[in-house]
A.B. asks: 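Pasting in a structure now, in C-alpha coordinates, and then I'll have a few things to ask.
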Amino acid sequence: MTTPLRHERDLSPVLGDLAMAPYPDYVEDVLERTGRMRQRPAWTFPGRWLPMDITTRTAPTARLPWRQLGILALIALLLAMALAAYVGAQRHVPAPFGPARNGLIPYISQGDIYVGDPVTGRTSLLLGGPDDDAGPGYSPDGTRIAFIRSVPAGAAHQQPVDMYTMHDDGTAVTRITSGSMPRIVWATWAPDGRHLAVIHPVDGVNQLDLLDVEGRLPAQRIDAAAGADQISYRPPSGGEIVFRALVGGKYGLFVMAADGTNKRTLIEPTNTADLDQDLNGVTYSADGGRIFYQRWFPDSIQLWVMNADGTGAHEFVSRVGRHWDGIPDPSPDGRWVAFWDVPEDGSGAPQRVAVIRADGSGPIIHTGPPLDGLAHWRWSPDSTRILMMSERPGARALLLDPAGGPWTTVPWQSDTDLDWQRTAS
(Lines give C-alpha, C1' and ligand atoms only; values in the text may rest on other atoms or scores of the structure.)
Protein backbone atom coordinates (compact mmCIF):
# COMPACT_ATOMS: atom_id res chain seq x y z
CA MET A 1 0.00 0.00 0.00
CA THR A 2 1.37 3.48 -0.93
CA THR A 3 0.60 7.03 0.27
CA PRO A 4 -0.28 9.63 -2.46
CA LEU A 5 1.81 12.78 -2.75
CA ARG A 6 -0.17 15.98 -2.02
CA HIS A 7 1.45 19.14 -3.58
CA GLU A 8 -1.46 21.53 -3.06
CA ARG A 9 -0.47 22.14 0.64
CA ASP A 10 2.94 23.49 -0.48
CA LEU A 11 1.60 25.61 -3.37
CA SER A 12 0.37 28.66 -1.35
CA PRO A 13 3.74 29.53 0.35
CA VAL A 14 5.52 29.23 -3.03
CA LEU A 15 3.15 31.63 -4.79
CA GLY A 16 3.52 34.11 -1.94
CA ASP A 17 7.26 34.11 -2.18
CA LEU A 18 7.08 34.71 -5.94
CA ALA A 19 4.66 37.65 -5.51
CA MET A 20 6.94 39.43 -3.05
CA ALA A 21 9.98 39.16 -5.34
CA PRO A 22 11.05 42.35 -7.21
CA TYR A 23 10.53 42.82 -11.02
CA PRO A 24 13.57 42.19 -13.18
CA ASP A 25 15.44 45.30 -14.39
CA TYR A 26 14.62 44.69 -18.07
CA VAL A 27 10.84 44.65 -17.66
CA GLU A 28 10.43 48.39 -18.19
CA ASP A 29 12.56 48.26 -21.37
CA VAL A 30 10.41 45.45 -22.79
CA LEU A 31 7.18 47.29 -22.06
CA GLU A 32 8.47 50.49 -23.61
CA ARG A 33 9.50 48.74 -26.83
CA THR A 34 6.35 46.63 -27.28
CA GLY A 35 4.15 49.63 -26.58
CA ARG A 36 5.43 51.31 -29.73
CA MET A 37 4.60 48.20 -31.99
CA ARG A 38 1.29 47.83 -33.94
CA GLN A 39 -0.91 44.94 -33.04
CA ARG A 40 -1.53 42.04 -35.46
CA PRO A 41 -4.40 42.89 -37.92
CA ALA A 42 -7.75 41.37 -37.04
CA TRP A 43 -8.17 39.68 -40.46
CA THR A 44 -5.23 37.41 -39.72
CA PHE A 45 -7.32 35.69 -37.07
CA PRO A 46 -9.70 33.27 -38.87
CA GLY A 47 -11.98 33.29 -35.90
CA ARG A 48 -12.77 36.98 -36.52
CA TRP A 49 -14.27 36.46 -40.03
CA LEU A 50 -15.02 32.70 -40.38
CA PRO A 51 -17.41 30.71 -38.24
CA MET A 52 -15.38 28.84 -35.69
CA ASP A 53 -17.16 25.57 -36.45
CA ILE A 54 -15.60 25.71 -39.95
CA THR A 55 -12.11 26.59 -38.82
CA THR A 56 -12.11 23.89 -36.21
CA ARG A 57 -14.00 21.14 -38.12
CA THR A 58 -12.03 18.05 -39.00
CA ALA A 59 -11.57 17.64 -42.75
CA PRO A 60 -13.84 14.83 -44.04
CA THR A 61 -12.23 11.71 -45.53
CA ALA A 62 -14.07 9.41 -47.97
CA ARG A 63 -13.85 5.72 -47.25
CA LEU A 64 -13.12 3.59 -50.35
CA PRO A 65 -15.78 0.89 -50.94
CA TRP A 66 -13.27 -1.93 -51.06
CA ARG A 67 -15.91 -4.63 -50.91
CA GLN A 68 -17.87 -3.27 -53.87
CA LEU A 69 -14.68 -2.72 -55.85
CA GLY A 70 -13.62 -6.28 -55.19
CA ILE A 71 -16.97 -7.63 -56.41
CA LEU A 72 -16.75 -5.54 -59.60
CA ALA A 73 -13.21 -6.74 -60.23
CA LEU A 74 -14.32 -10.35 -59.81
CA ILE A 75 -17.22 -9.85 -62.24
CA ALA A 76 -14.87 -8.26 -64.80
CA LEU A 77 -12.47 -11.19 -64.47
CA LEU A 78 -15.25 -13.72 -64.97
CA LEU A 79 -16.53 -11.85 -68.04
CA ALA A 80 -13.02 -11.74 -69.51
CA MET A 81 -12.59 -15.47 -68.93
CA ALA A 82 -15.98 -16.21 -70.54
CA LEU A 83 -15.12 -14.04 -73.55
CA ALA A 84 -11.75 -15.73 -73.97
CA ALA A 85 -13.41 -19.15 -73.79
CA TYR A 86 -16.03 -18.12 -76.37
CA VAL A 87 -13.45 -16.68 -78.78
CA GLY A 88 -11.25 -19.73 -78.36
CA ALA A 89 -14.17 -22.02 -79.14
CA GLN A 90 -15.00 -20.20 -82.40
CA ARG A 91 -13.48 -21.75 -85.51
CA HIS A 92 -11.73 -19.33 -87.81
CA VAL A 93 -12.64 -19.93 -91.44
CA PRO A 94 -11.29 -18.47 -94.69
CA ALA A 95 -13.16 -16.20 -97.07
CA PRO A 96 -14.91 -18.00 -99.96
CA PHE A 97 -12.46 -16.61 -102.53
CA GLY A 98 -8.77 -15.80 -102.54
CA PRO A 99 -5.78 -17.63 -101.06
CA ALA A 100 -6.11 -19.76 -97.93
CA ARG A 101 -4.03 -22.25 -95.98
CA ASN A 102 -3.80 -25.77 -97.34
CA GLY A 103 -5.91 -28.36 -95.55
CA LEU A 104 -6.66 -32.00 -96.30
CA ILE A 105 -7.32 -33.69 -99.64
CA PRO A 106 -10.46 -35.87 -99.84
CA TYR A 107 -10.54 -39.00 -101.95
CA ILE A 108 -12.56 -42.15 -102.58
CA SER A 109 -11.45 -45.72 -102.06
CA GLN A 110 -13.89 -48.58 -102.67
CA GLY A 111 -16.88 -46.31 -102.17
CA ASP A 112 -15.68 -44.86 -98.85
CA ILE A 113 -14.50 -41.29 -98.20
CA TYR A 114 -10.99 -40.74 -96.88
CA VAL A 115 -8.86 -37.66 -96.28
CA GLY A 116 -5.12 -37.41 -96.78
CA ASP A 117 -2.55 -34.96 -95.46
CA PRO A 118 -0.28 -33.97 -98.37
CA VAL A 119 2.46 -32.88 -95.94
CA THR A 120 2.72 -35.94 -93.69
CA GLY A 121 1.18 -38.48 -96.07
CA ARG A 122 -1.13 -39.76 -93.32
CA THR A 123 -4.64 -40.80 -94.32
CA SER A 124 -7.78 -41.52 -92.31
CA LEU A 125 -11.24 -42.90 -93.01
CA LEU A 126 -13.87 -40.18 -92.83
CA LEU A 127 -17.03 -42.06 -93.87
CA GLY A 128 -17.28 -45.80 -94.42
CA GLY A 129 -20.09 -48.28 -94.66
CA PRO A 130 -21.86 -50.28 -97.35
CA ASP A 131 -22.97 -47.25 -99.38
CA ASP A 132 -21.23 -46.25 -102.60
CA ASP A 133 -20.09 -42.63 -102.17
CA ALA A 134 -18.21 -40.42 -104.65
CA GLY A 135 -17.22 -36.89 -105.56
CA PRO A 136 -16.37 -35.42 -102.11
CA GLY A 137 -15.86 -31.66 -102.16
CA TYR A 138 -15.22 -29.18 -99.35
CA SER A 139 -17.30 -26.06 -98.79
CA PRO A 140 -15.47 -22.76 -99.41
CA ASP A 141 -14.86 -22.31 -95.68
CA GLY A 142 -13.62 -25.89 -95.28
CA THR A 143 -16.16 -26.88 -92.61
CA ARG A 144 -18.41 -29.23 -94.63
CA ILE A 145 -18.12 -31.85 -97.34
CA ALA A 146 -20.70 -32.55 -100.04
CA PHE A 147 -20.73 -35.90 -101.81
CA ILE A 148 -22.81 -38.11 -104.11
CA ARG A 149 -24.31 -41.40 -102.98
CA SER A 150 -25.56 -43.94 -105.47
CA VAL A 151 -29.02 -45.38 -104.95
CA PRO A 152 -28.83 -49.20 -105.08
CA ALA A 153 -32.24 -49.60 -106.73
CA GLY A 154 -31.16 -48.40 -110.16
CA ALA A 155 -29.53 -50.32 -112.97
CA ALA A 156 -25.77 -50.10 -113.21
CA HIS A 157 -25.79 -47.84 -116.26
CA GLN A 158 -28.63 -45.64 -115.03
CA GLN A 159 -28.04 -45.66 -111.30
CA PRO A 160 -29.76 -42.66 -109.67
CA VAL A 161 -27.95 -40.63 -107.06
CA ASP A 162 -28.62 -38.47 -104.01
CA MET A 163 -26.67 -35.51 -102.67
CA TYR A 164 -25.38 -35.58 -99.09
CA THR A 165 -23.43 -33.26 -96.83
CA MET A 166 -21.54 -33.81 -93.59
CA HIS A 167 -19.25 -31.91 -91.25
CA ASP A 168 -15.57 -32.07 -92.07
CA ASP A 169 -15.05 -34.56 -89.21
CA GLY A 170 -17.48 -37.03 -90.79
CA THR A 171 -20.41 -36.31 -88.47
CA ALA A 172 -23.95 -35.04 -89.20
CA VAL A 173 -24.38 -36.96 -92.47
CA THR A 174 -27.46 -35.42 -94.10
CA ARG A 175 -29.33 -36.17 -97.29
CA ILE A 176 -30.18 -32.85 -98.95
CA THR A 177 -32.10 -34.03 -102.03
CA SER A 178 -35.79 -34.71 -101.59
CA GLY A 179 -35.77 -37.22 -104.45
CA SER A 180 -33.10 -39.13 -106.29
CA MET A 181 -31.68 -37.69 -109.51
CA PRO A 182 -30.96 -39.77 -112.62
CA ARG A 183 -27.53 -38.15 -112.78
CA ILE A 184 -25.69 -34.98 -111.81
CA VAL A 185 -24.27 -32.86 -114.60
CA TRP A 186 -22.53 -30.26 -112.42
CA ALA A 187 -22.28 -29.53 -108.71
CA THR A 188 -20.48 -26.75 -106.89
CA TRP A 189 -20.70 -24.99 -103.55
CA ALA A 190 -22.31 -21.55 -103.37
CA PRO A 191 -19.95 -18.99 -101.81
CA ASP A 192 -22.15 -18.67 -98.71
CA GLY A 193 -21.39 -22.29 -97.78
CA ARG A 194 -25.08 -22.85 -97.00
CA HIS A 195 -26.21 -23.97 -100.45
CA LEU A 196 -25.09 -26.39 -103.09
CA ALA A 197 -25.68 -25.52 -106.75
CA VAL A 198 -26.58 -28.70 -108.63
CA ILE A 199 -27.34 -29.08 -112.34
CA HIS A 200 -29.31 -32.22 -113.24
CA PRO A 201 -31.60 -33.21 -116.12
CA VAL A 202 -35.36 -32.85 -115.69
CA ASP A 203 -37.46 -34.14 -118.59
CA GLY A 204 -34.46 -33.92 -120.89
CA VAL A 205 -33.51 -30.32 -119.95
CA ASN A 206 -30.78 -29.42 -117.49
CA GLN A 207 -32.05 -27.48 -114.48
CA LEU A 208 -30.13 -25.61 -111.78
CA ASP A 209 -31.27 -26.15 -108.19
CA LEU A 210 -29.93 -24.54 -105.02
CA LEU A 211 -30.01 -27.12 -102.23
CA ASP A 212 -30.01 -26.30 -98.53
CA VAL A 213 -26.95 -28.04 -97.07
CA GLU A 214 -28.84 -28.95 -93.90
CA GLY A 215 -31.73 -30.45 -95.86
CA ARG A 216 -34.35 -28.39 -94.02
CA LEU A 217 -35.56 -26.16 -96.86
CA PRO A 218 -36.91 -27.23 -100.27
CA ALA A 219 -34.72 -26.86 -103.33
CA GLN A 220 -34.81 -23.49 -105.09
CA ARG A 221 -35.11 -23.82 -108.87
CA ILE A 222 -33.25 -21.14 -110.90
CA ASP A 223 -35.38 -21.10 -114.05
CA ALA A 224 -33.15 -18.59 -115.81
CA ALA A 225 -30.39 -21.20 -115.98
CA ALA A 226 -32.42 -23.80 -117.89
CA GLY A 227 -30.13 -25.69 -120.26
CA ALA A 228 -26.97 -24.89 -118.27
CA ASP A 229 -24.26 -27.50 -117.96
CA GLN A 230 -21.59 -25.53 -116.03
CA ILE A 231 -21.53 -22.43 -113.83
CA SER A 232 -19.04 -20.21 -112.01
CA TYR A 233 -19.65 -17.76 -109.16
CA ARG A 234 -18.09 -14.32 -109.49
CA PRO A 235 -15.54 -13.21 -106.86
CA PRO A 236 -15.29 -11.57 -104.45
CA SER A 237 -18.93 -11.63 -103.29
CA GLY A 238 -20.45 -14.39 -105.41
CA GLY A 239 -23.32 -12.12 -106.37
CA GLU A 240 -23.28 -13.15 -110.04
CA ILE A 241 -23.08 -16.40 -111.98
CA VAL A 242 -21.67 -16.97 -115.46
CA PHE A 243 -22.82 -20.13 -117.20
CA ARG A 244 -22.88 -21.98 -120.48
CA ALA A 245 -26.29 -23.20 -121.62
CA LEU A 246 -27.72 -25.07 -124.55
CA VAL A 247 -30.49 -22.89 -126.00
CA GLY A 248 -32.28 -23.97 -129.15
CA GLY A 249 -29.71 -26.72 -129.67
CA LYS A 250 -26.78 -24.25 -129.59
CA TYR A 251 -24.31 -23.21 -126.90
CA GLY A 252 -24.34 -19.65 -125.58
CA LEU A 253 -22.70 -17.84 -122.69
CA PHE A 254 -24.83 -16.00 -120.14
CA VAL A 255 -24.58 -14.14 -116.85
CA MET A 256 -27.18 -13.47 -114.16
CA ALA A 257 -27.55 -12.51 -110.53
CA ALA A 258 -27.05 -15.41 -108.12
CA ASP A 259 -30.81 -15.54 -107.48
CA GLY A 260 -31.58 -15.89 -111.20
CA THR A 261 -32.62 -12.33 -111.91
CA ASN A 262 -31.12 -9.90 -114.44
CA LYS A 263 -30.09 -12.54 -116.99
CA ARG A 264 -27.91 -11.20 -119.82
CA THR A 265 -26.34 -12.75 -122.91
CA LEU A 266 -22.56 -12.50 -123.23
CA ILE A 267 -22.13 -14.64 -126.36
CA GLU A 268 -25.11 -15.53 -128.51
CA PRO A 269 -25.74 -19.27 -129.02
CA THR A 270 -23.79 -20.24 -132.13
CA ASN A 271 -22.31 -23.72 -132.26
CA THR A 272 -24.38 -26.87 -131.96
CA ALA A 273 -24.23 -29.44 -129.19
CA ASP A 274 -21.85 -31.75 -131.08
CA LEU A 275 -19.17 -29.05 -130.78
CA ASP A 276 -19.20 -29.34 -127.02
CA GLN A 277 -15.77 -27.74 -126.54
CA ASP A 278 -17.03 -24.33 -127.66
CA LEU A 279 -17.49 -21.99 -124.66
CA ASN A 280 -16.36 -24.84 -122.42
CA GLY A 281 -14.44 -24.31 -119.16
CA VAL A 282 -16.04 -20.94 -118.38
CA THR A 283 -14.75 -19.41 -115.14
CA TYR A 284 -14.08 -16.04 -113.57
CA SER A 285 -10.64 -14.64 -112.87
CA ALA A 286 -9.60 -14.56 -109.22
CA ASP A 287 -10.65 -10.93 -108.86
CA GLY A 288 -13.90 -11.36 -110.78
CA GLY A 289 -12.96 -8.78 -113.39
CA ARG A 290 -12.61 -11.17 -116.35
CA ILE A 291 -14.06 -14.39 -117.73
CA PHE A 292 -11.99 -17.22 -119.24
CA TYR A 293 -13.47 -19.73 -121.69
CA GLN A 294 -12.71 -21.87 -124.73
CA ARG A 295 -13.56 -21.17 -128.35
CA TRP A 296 -13.86 -23.85 -131.00
CA PHE A 297 -12.45 -23.31 -134.48
CA PRO A 298 -12.13 -25.85 -137.30
CA ASP A 299 -8.37 -26.12 -136.86
CA SER A 300 -7.90 -25.42 -133.12
CA ILE A 301 -9.45 -24.85 -129.73
CA GLN A 302 -8.31 -21.57 -128.26
CA LEU A 303 -8.31 -20.10 -124.77
CA TRP A 304 -10.09 -16.75 -124.71
CA VAL A 305 -10.76 -14.03 -122.15
CA MET A 306 -13.13 -11.07 -121.93
CA ASN A 307 -14.18 -8.48 -119.39
CA ALA A 308 -16.87 -9.54 -116.94
CA ASP A 309 -19.42 -7.38 -118.80
CA GLY A 310 -18.73 -9.20 -122.08
CA THR A 311 -16.55 -6.53 -123.70
CA GLY A 312 -12.99 -6.84 -124.94
CA ALA A 313 -13.09 -10.53 -125.95
CA HIS A 314 -9.78 -11.79 -127.36
CA GLU A 315 -7.52 -14.82 -127.48
CA PHE A 316 -5.72 -15.15 -124.14
CA VAL A 317 -2.65 -17.10 -125.27
CA SER A 318 -1.33 -16.28 -128.71
CA ARG A 319 0.12 -19.46 -130.25
CA VAL A 320 1.85 -20.47 -133.44
CA GLY A 321 0.48 -23.64 -135.01
CA ARG A 322 -2.51 -25.75 -134.04
CA HIS A 323 -3.11 -26.22 -130.34
CA TRP A 324 -5.85 -27.16 -127.94
CA ASP A 325 -5.58 -24.58 -125.20
CA GLY A 326 -8.38 -24.72 -122.70
CA ILE A 327 -9.84 -25.77 -119.34
CA PRO A 328 -8.57 -22.55 -117.67
CA ASP A 329 -8.09 -22.55 -113.91
CA PRO A 330 -6.93 -19.27 -112.23
CA SER A 331 -4.85 -19.60 -109.07
CA PRO A 332 -6.52 -18.40 -105.83
CA ASP A 333 -3.98 -15.60 -105.42
CA GLY A 334 -4.79 -14.28 -108.90
CA ARG A 335 -1.23 -14.45 -110.21
CA TRP A 336 -1.45 -17.44 -112.59
CA VAL A 337 -3.73 -19.38 -114.89
CA ALA A 338 -3.26 -23.10 -115.40
CA PHE A 339 -4.61 -24.58 -118.63
CA TRP A 340 -4.57 -27.67 -120.84
CA ASP A 341 -1.89 -27.48 -123.55
CA VAL A 342 -2.19 -30.02 -126.35
CA PRO A 343 -0.06 -29.44 -129.47
CA GLU A 344 -1.91 -30.51 -132.61
CA ASP A 345 0.59 -29.29 -135.19
CA GLY A 346 2.10 -32.71 -135.95
CA SER A 347 5.25 -31.94 -133.97
CA GLY A 348 4.70 -34.87 -131.62
CA ALA A 349 5.10 -32.66 -128.56
CA PRO A 350 3.31 -34.16 -125.53
CA GLN A 351 0.26 -32.66 -123.93
CA ARG A 352 0.93 -31.01 -120.58
CA VAL A 353 -0.53 -28.87 -117.85
CA ALA A 354 0.72 -25.36 -118.58
CA VAL A 355 0.89 -22.22 -116.42
CA ILE A 356 1.06 -18.60 -117.55
CA ARG A 357 0.77 -15.24 -115.84
CA ALA A 358 -2.79 -14.06 -115.28
CA ASP A 359 -2.34 -11.16 -117.70
CA GLY A 360 -1.20 -13.52 -120.46
CA SER A 361 2.34 -12.17 -120.57
CA GLY A 362 5.59 -14.02 -120.12
CA PRO A 363 6.56 -17.56 -121.09
CA ILE A 364 4.33 -20.61 -120.94
CA ILE A 365 5.56 -22.89 -118.15
CA HIS A 366 5.02 -26.63 -118.58
CA THR A 367 4.66 -28.46 -115.30
CA GLY A 368 4.31 -32.11 -114.45
CA PRO A 369 5.07 -35.11 -116.64
CA PRO A 370 4.01 -35.52 -120.27
CA LEU A 371 0.51 -36.99 -120.53
CA ASP A 372 -0.98 -39.42 -123.00
CA GLY A 373 -4.61 -38.63 -122.19
CA LEU A 374 -6.90 -36.28 -120.37
CA ALA A 375 -6.16 -35.15 -116.85
CA HIS A 376 -7.89 -33.21 -114.10
CA TRP A 377 -6.28 -30.69 -111.78
CA ARG A 378 -6.93 -28.20 -109.02
CA TRP A 379 -4.86 -25.44 -107.42
CA SER A 380 -3.85 -25.72 -103.80
CA PRO A 381 -5.54 -23.05 -101.65
CA ASP A 382 -2.23 -21.24 -101.14
CA SER A 383 -1.42 -21.32 -104.90
CA THR A 384 1.93 -23.09 -104.43
CA ARG A 385 0.95 -26.49 -105.87
CA ILE A 386 -1.36 -28.04 -108.46
CA LEU A 387 -3.09 -31.32 -107.62
CA MET A 388 -3.28 -33.26 -110.88
CA MET A 389 -4.70 -36.67 -111.75
CA SER A 390 -4.45 -38.39 -115.11
CA GLU A 391 -7.34 -40.49 -116.44
CA ARG A 392 -4.87 -43.24 -117.29
CA PRO A 393 -5.81 -46.45 -115.42
CA GLY A 394 -3.75 -46.99 -112.29
CA ALA A 395 -2.48 -43.42 -112.21
CA ARG A 396 -1.90 -41.65 -108.90
CA ALA A 397 -2.49 -38.02 -108.09
CA LEU A 398 0.53 -35.74 -108.41
CA LEU A 399 1.51 -32.49 -106.74
CA LEU A 400 2.94 -30.22 -109.45
CA ASP A 401 5.18 -27.21 -109.04
CA PRO A 402 3.61 -24.31 -111.02
CA ALA A 403 7.11 -22.93 -111.56
CA GLY A 404 8.02 -26.05 -113.55
CA GLY A 405 10.07 -27.78 -110.87
CA PRO A 406 9.92 -31.41 -109.74
CA TRP A 407 6.61 -33.02 -108.85
CA THR A 408 5.73 -35.56 -106.20
CA THR A 409 3.20 -38.39 -105.96
CA VAL A 410 0.61 -38.54 -103.19
CA PRO A 411 0.88 -41.80 -101.23
CA TRP A 412 -2.75 -42.85 -101.70
CA GLN A 413 -4.75 -44.23 -104.60
CA SER A 414 -7.50 -41.84 -105.67
CA ASP A 415 -9.95 -41.12 -108.45
CA THR A 416 -10.23 -38.10 -110.72
CA ASP A 417 -12.64 -36.18 -108.45
CA LEU A 418 -10.14 -33.75 -106.95
CA ASP A 419 -10.54 -31.17 -104.23
CA TRP A 420 -8.46 -29.47 -101.53
CA GLN A 421 -9.71 -28.16 -98.19
CA ARG A 422 -9.39 -24.43 -97.54
CA THR A 423 -8.53 -23.44 -93.96
CA ALA A 424 -7.91 -20.12 -92.25
CA SER A 425 -4.42 -18.66 -92.34
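Keep in mind the model is a prediction, meaning the values are calculated, not measured.
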A.B. asks: Do the ring planes of F292 and F316 sit parallel (below 30°), tilted (30 to 60°) or perpendicular (above 60°)?
C.D. replies: perpendicular
A.B. asks: Sort and list the pairs that fulfil salt bridge (Lys or Arg N to Asp or Glu O under 4.0 Å) and have at least one residue in residues 408-425, not counting sequence neighbours.
C.D. replies: R378-D419
A.B. asks: State whether the side chain of R290 and the backbone N or O of A358 hold a donor-acceptor pair below 3.5 Å, judged by distance alone.
C.D. replies: yes
A.B. asks: Does the Q421 side chain pair with the main chain of L104, one donor and one acceptor, at a distance under 3.5 Å?
C.D. replies: yes
A.B. asks: Which pair of non-hydrogen atoms, one from G238 and one from A258, has the smallest distance, and what is that distance?
C.D. replies: O-CB, 3.7 Å
A.B. asks: Do you see a donor-acceptor pair shorter than 3.5 Å between the side chains of D401 and T367?
C.D. replies: no
A.B. asks: Look up atom CD1 in I113 and atom OG in S124, then write down how far apart they are to the nearest 0.5 Å.
C.D. replies: 12.0 Å
A.B. asks: Has the side chain of S390 got a donor or acceptor atom that lies under 3.5 Å from a matching backbone atom of R392?
C.D. replies: yes
A.B. asks: With the side chain counted from C-beta on, respond yes when W324 and Q351 share a heavy-atom pair under 4.5 Å apart, and no when they do not.
C.D. replies: no
A.B. asks: D278 side chain to W296 main-chain N or O, any donor-acceptor pair under 3.5 Å?
C.D. replies: yes
A.B. asks: For the residue pair Y293 and W304, does the interplanar ring angle fall in the parallel (under 30°), tilted (30 to 60°) or perpendicular (over 60°) class?
C.D. replies: tilted
A.B. asks: Going by salt bridge (Lys or Arg N to Asp or Glu O under 4.0 Å), name the residues that satisfy it together with R352, two or more places apart in sequence or in a different chain.
C.D. replies: none
A.B. asks: Do W379 and W336 touch side chain to side chain, with heavy atoms closer than 4.5 Å?
C.D. replies: yes
A.B. asks: Any sub-3.5 Å donor-acceptor pair from S139's side-chain atoms to R144's backbone N or O?
C.D. replies: yes
A.B. asks: To the nearest 0.5 Å, what is the distance between CZ on R295 and CD on Q277?
C.D. replies: 12.5 Å
A.B. asks: Any side-chain heavy atom of P118 sitting closer than 4.5 Å to one from L399?
C.D. replies: yes
A.B. asks: P381 versus T423: any side-chain heavy-atom pair under 4.5 Å?
C.D. replies: no
A.B. asks: Within the 4.5 Å heavy-atom criterion, are V342 and H323 side-chain neighbours or not?
C.D. replies: no
A.B. asks: What distance separates L217 CG from H195 NE2, expressed to the nearest 0.5 Å?
C.D. replies: 6.5 Å
A.B. asks: Return the OG to CE distance between S414 and M389, rounded to the nearest 0.5 Å.
C.D. replies: 5.5 Å
A.B. asks: What is the minimum heavy-atom distance between L211 and A219, and which atoms define it?
C.D. replies: CD2-CB, 3.5 Å
A.B. asks: Q413 side chain to A395 main-chain N or O, any donor-acceptor pair under 3.5 Å?
C.D. replies: yes
A.B. asks: Can you tell me how far the CG atom of L126 sits from the CD1 atom of I145, to the nearest 0.5 Å?
C.D. replies: 5.0 Å
A.B. asks: Establish, from distance only, whether the side-chain atoms of D341 and H366 form a donor-acceptor pair under 3.5 Å.
C.D. replies: yes
A.B. asks: Please confirm whether the backbone N or O of G121 pairs with a side-chain atom of D117, one donor and one acceptor, at under 3.5 Å?
C.D. replies: no
A.B. asks: Please list, chain by chain and in numerical order, all residues satisfying salt bridge (Lys or Arg N to Asp or Glu O under 4.0 Å) with R221, sequence neighbours excluded.
C.D. replies: D209
A.B. asks: I'd like to check Y107 versus P136 (side-chain heavy atoms, cut-off strictly below 4.5 Å). Are they in contact?
C.D. replies: no
A.B. asks: Is it true that H376 and E391 share a donor-acceptor pair across their side chains at a distance under 3.5 Å?
C.D. replies: yes
A.B. asks: Going by the side chain to side chain contact (heavy atoms under 4.5 Å, CB included) test, name the single residue among T174, L127, V213 that passes it with M166.
C.D. replies: L127
A.B. asks: Hey, is NZ on K263 packed in by over 12 heavy atoms from elsewhere, all under 6.0 Å?
C.D. replies: yes
A.B. asks: Between atom CD1 of I148 and atom CD of Q159, what is the distance when rounded to the nearest 0.5 Å?
C.D. replies: 11.5 Å
A.B. asks: Return yes if a side-chain donor-acceptor contact under 3.5 Å exists between D162 and T177, otherwise no.
C.D. replies: yes
A.B. asks: Regarding N280 and Q230, do their side chains bring together a donor and an acceptor under 3.5 Å, going by distance alone?
C.D. replies: yes
A.B. asks: Verify, without hydrogens or angle tests, whether W412 (side chain) and R122 (backbone) share a donor-acceptor contact under 3.5 angstrom.
C.D. replies: no
A.B. asks: Before giving the answer on side chain to side chain contact (heavy atoms under 4.5 Å, CB included), spell out for T261 and M256 the whole-Å C-alpha distance, their side-chain angles and the decisive distance to 0.1 Å.
C.D. replies: CA-CA 6 Å; T261 61; M256 65 182 178; over 6 Å; no
A.B. asks: Only pairs under 3.5 Å count here: list side-chain donor-acceptor contacts from residues 307-315, not counting sequence neighbours, and write none if there are none.
C.D. replies:
from : atom 1 : to   : atom 2 : distance (Å)
N307 : ND2    : T311 : O      : 3.4
N307 : ND2    : T311 : OG1    : 2.9
D309 : OD1    : T311 : N      : 3.1
D309 : OD1    : T311 : OG1    : 2.7
H314 : ND1    : G312 : O      : 2.9

A.B. asks: Quick one: does P402's side chain get under 4.5 Å of S331's, heavy atoms only?
C.D. replies: no
A.B. asks: Taking all atoms of both residues into account, what is the closest heavy-atom pair of I356 and P363, and its distance?
C.D. replies: CG1-O, 3.9 Å
A.B. asks: For residues 225-282, pull every pair meeting ring-ring contact (aromatic ring centres under 6.0 Å, His included), keeping only residues two or more places apart or in separate chains.
C.D. replies: F243-F254
A.B. asks: Look at the side chain of S380 and the backbone N and O of R385, then say whether any donor-acceptor pair between them is shorter than 3.5 Å.
C.D. replies: yes
A.B. asks: What heavy-atom pair brings P94 and P140 nearest, and what distance separates the two atoms?
C.D. replies: CG-O, 3.9 Å
A.B. asks: Taking the side chain as everything from C-beta on, heavy atoms only, tell me whether V353 gets closer than 4.5 Å to L400.
C.D. replies: yes
A.B. asks: Side chains of D382 and N102 only: does a donor on one sit below 3.5 Å from an acceptor on the other?
C.D. replies: yes
A.B. asks: Who pairs with D131 by salt bridge (Lys or Arg N to Asp or Glu O under 4.0 Å), at least two apart in sequence or on another chain?
C.D. replies: R149
